[in-house]
There are 2 protein chains.
Amino acid sequence: MGTVCELTGLSERRIRYYEERKLIFPDRTSTGFRKYSFSDIEKLMDIAEKVEEGVQTDEIRRDYKKKETDADLKKKMIRGQLNSHFQRSGFK
Amino acid sequence: MGTVCELTGLSERRIRYYEERKLIFPDRTSTGFRKYSFSDIEKLMDIAEKVEEGVQTDEIRRDYKKKETDADLKKKMIRGQLNSHFQRSGFK
DNA sequence: CGTGTAAGGAATTCTGACACG
DNA sequence: CGTGTAAGGAATTCTGACACG
């Protein structure tokens with residue numbers, strides 16, 4: 001969408017390419033038009049910054065993946081702490 | 001925009017008509033496409049509700065106008081109160 | 001590897017009008 | 001008065017490819 005180009009300052013080509021490299025995952029309308037979310041836009045600006053620093057898209061993708069698994073790990077740790085807490089306190 | 005139809009559940013025709021009746025004022029792109037803001041969308045849903053209650057667009061517009069001048073009055077009153085406060089307290 | 005561009009088709013949006021009521 | 005619809009044109013978006021490097 002042109003709106004996204006405006007907001008991010010990126011060309012359509014670059015935005016589509018970052019999607020092709022699996023860095024963003026916009027929804028589609030039933031007729032194939034891309035629908036960008038707010039976080040897509042933030043992500044695009046973050047990606048552009050890194051690319052301009054010379055980071056390759058592969059590496060950026062790996063970074064995002066790592067961050068996700070990190071977030072997952074954090075969730076699991078918190079869940080584990082909660083569980084042990086309830087056990088210690090004798091909560092059902 | 002189709003997005004706005006989806007979000008509001010209104011037909012293009014209705015949305016354009018409410019603009020024609022000066023209830024909303026979307027921006028335009030350089031090529032004449034409408035650009036709706038968040039508040040436009042909220043306003044549209046509000047308008048639709050009233051229209052379905054049988055209120056005429058003229059009346060709705062007058063209501064909005066009144067609310068605006070009310071808001072202006074409120075601002076002026078607050079400003080006045082602040083001024084007198086500063087005067088009483090000897091502020092510069 | 002990352003990005004520009006020309007190409008052709010498909011979907012969107014725009015306006016002004018006619019219709020109904 | 002408020003809304004639907006068919007009409008034709010203009011602008012947008014999409015994909016796949018060729019180019020440069």
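Below, read A as the first sequence line, B as the second, and so on, with proteins coming before strands; counting in each chain starts at 1.
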Between [atom2] of [N] and [atom1] of [X], the distance in whole Å:
| X | N | atom1 | atom2 | result |
| --- | --- | --- | --- | --- |
| B:Arg28 | D:dT12 | CZ | P | 13 Å |
| A:Glu53 | C:dG2 | CD | P | 14 Å |
| A:Met1 | D:dT12 | CE | P | 12 Å |
| A:Arg16 | C:dT3 | CZ | P | 14 Å |
| A:Glu19 | C:dG2 | CD | P | 15 Å |
| A:Ile15 | C:dG4 | CD1 | P | 10 Å |
| B:Ile60 | D:dG2 | CD1 | C1' | 11 Å |
| B:Arg14 | D:dG2 | CZ | P | 11 Å |

Return no unless some side-chain N or O of [X] is found under 4.0 Å from OP1 or OP2 of [N].
| X | N | value |
| --- | --- | --- |
| B:Arg34 | C:dC14 | yes |
| B:Thr57 | D:dG2 | yes |
| A:Thr31 | D:dC14 | no |
| A:Arg21 | C:dT3 | no |
| B:Tyr18 | D:dT3 | yes |
| A:Tyr17 | C:dT3 | no |

| request: With a 3.5 angstrom cut-off on both distances, give the Watson-Crick or G-U wobble partner of D:dG2, or none if there isn't one. | output: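 In the structure as shown, D:dG2 has C:dC20 as its Watson-Crick or wobble partner.
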| request: Counting Watson-Crick and G-U wobble pairs only, both distances under 3.5 Å, name the nucleotide matched with D:dA7, or none. | output: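 Partner of D:dA7: C:dT15.
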Please determine whether a side-chain nitrogen of the Lys or Arg among [X] and [Y] lies less than 4.0 Å from a carboxylate oxygen of the Asp or Glu.
| X | Y | value |
| --- | --- | --- |
| A:Glu20 | A:Arg16 | no |
| A:Asp63 | A:Lys67 | no |
| A:Asp72 | A:Lys76 | no |
| B:Arg62 | B:Glu68 | no |
| A:Arg61 | A:Asp58 | yes |

| message | Just so I know, are the side chains of A:Tyr17 and A:Thr57 near enough to count as touching, which here means a heavy-atom distance under 4.5 Å? | response |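 Side chain of A:Tyr17 against side chain of A:Thr57, heavy atoms only: contact under 4.5 Å found.
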| Value rounded to 0.5 Å, distance of OG1 in B:Thr69 from NZ in B:Lys65 |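 If I round to the nearest 0.5 Å, the distance is 9.5 Å.
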| said: Could you check whether B:Lys43 makes a cation-pi contact with B:Tyr18, meaning its NZ or CZ is under 6.0 Å from the centre of the six-membered ring and within 45° of the ring axis? | reply: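 The answer is no, since B:Lys43 fails at least one limit relative to B:Tyr18.
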| message | Closest-nucleotide mapping onto DNA chain D: is B:Phe33 or A:Lys35 further toward the 5' terminus? I mean the 5' end. | response |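 Checking each residue's closest nucleotide, the 5'-ward one belongs to B:Phe33.
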Identify the pairs formed between an N or O of the protein and an N or O of nucleotides 5-9 of chain C at a distance under 3.5 Å, and give each distance.
| residue | atom | partner | partner atom | Å |
| --- | --- | --- | --- | --- |
| C:dT5 | O4 | A:Arg13 | NE | 3.3 |

| said: Can you work out whether A:Thr29 or A:Gln56 has the more 5'-proximal nearest nucleotide on DNA chain C? | reply: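 Its nearest nucleotide lies further toward 5', so the answer is A:Gln56.
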